[in-house]
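What follows is a short report on a single structure.
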Amino acid sequence: MSDIPPDLTWERAAPPDATGPGPWIELAFGEGDDGEAPVYIRETSDPENVVTTNRRKWDAFVLGVQAGEFDHFVEGVEDAAGVAGVADTTAPETKEIGPDA
């Protein structure tokens with residue numbers, strides 16, 4: 001994990017009423033505002049395992065989620081309320097958790 005800046009501010013993607021440790025996905029955006037600026041992704045259950053992509057690819061992924069391009073991956077999977085079907089793909093609220101999380 002030596003290429004990962006130590007002072008990142010991680011944002012947790014979790015439902016607003018979420019409690020407990022998750023596991024949740026966390027994101028941190030590296031320096032820069034162009035398409036090549038780094039985006040770091042990790043899961044709370046394994047924070048040392050960080051995946052890196054860039055802002056251009058991350059933005060394309062988010063647009064694909066919003067457009068329903070990945071809905072077929074969750075068909076038949078029960079959502080948190082126990083209802084089978086396609087999960088709610090609206091963006092969850094994020095929670096800033098600071099650089100030490």
Side-chain angles (χ1 to χ4, degrees):
M1 208 166 101
S2 61
D3 294 358
I4 309 302
D7 60 345
L8 292 172
T9 299
W10 292 92
E11 296 178 40
R12 185 169 295 164
D17 58 348
T19 60
W24 308 112
I25 298 296
E26 296 177 324
L27 302 169
F29 296 91
E31 290 187 27
D33 57 2
D34 64 346
E36 298 306 312
V39 176
Y40 305 96
I41 307 165
R42 69 183 184 185
E43 187 179 336
T44 55
S45 64
D46 188 11
E48 298 299 314
N49 187 10
V50 178
V51 175
T52 304
T53 188
N54 63 37
R55 189 62 187 244
R56 179 179 44 82
K57 292 175 185 176
W58 175 253
D59 289 346
F61 172 73
V62 169
L63 289 172
V65 169
Q66 291 173 338
E69 293 178 19
F70 305 103
D71 288 355
H72 65 282
F73 287 113
V74 294
E75 289 175 3
V77 175
E78 291 188 4
D79 67 13
V83 179
V86 176
D88 181 5
T89 58
T90 57
E93 290 186 21
T94 58
K95 301 175 185 177
E96 285 193 25
I97 57 173
D100 298 331

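For V50 against P47, the heavy-atom pair with the smallest separation is CG2-O, 3.6 Å. In this structure, A18 and A14 approach most closely via the heavy-atom pair CB-CB, 4.0 Å. When all heavy atoms are compared, the tightest approach of A37 to G32 is CB-O, 3.5 Å.
Under a hydrophobic-cluster definition in which Ile, Leu, Val, Met, Phe, Trp and Tyr are linked whenever side-chain heavy atoms come within less than 4.5 Å, directly or via other members, L63 and F73 are assigned to different clusters.
Here R42 contributes atom CZ and T52 contributes atom OG1; the two are 12.0 Å apart, rounded to the nearest 0.5 Å. To the nearest 0.5 Å, atom CZ of residue F29 and atom CD of residue E11 are 6.0 Å apart. To the nearest 0.5 angstrom, I41 atom CD1 is 11.0 Å from N49 atom CG. If you take CD on E43 and CZ on R12, they are separated by 11.0 Å, rounding to the nearest 0.5 Å. With rounding to the nearest 0.5 angstrom, the OG1 atom of T44 is 7.5 Å from the CD1 atom of I25. We find the CG-CG distance between L8 and L27 to be 11.0 Å, quoted to the nearest 0.5 Å.
In terms of the salt bridge (charged side-chain N to carboxylate O under 4.0 Å, His left out) criterion, E31 has no residue partners (sequence neighbours excluded). The ring pair (Phe, Tyr, Trp, His ring centres under 6.0 Å) check on F61 picks up W58, F70, with sequence neighbours excluded.
Ionic pairing of R56 and E36 is present here: one or more N-O contacts between side-chain nitrogen and carboxylate oxygen are shorter than 4.0 angstrom.
Taking a 6.0 Å sphere around CG of D34, one finds it holds more than 12 heavy atoms contributed by other residues, nucleotides or ligands.
Annotation: side chain of W24 is not in contact with side chain of S45 (no heavy-atom distance under 4.5 Å).
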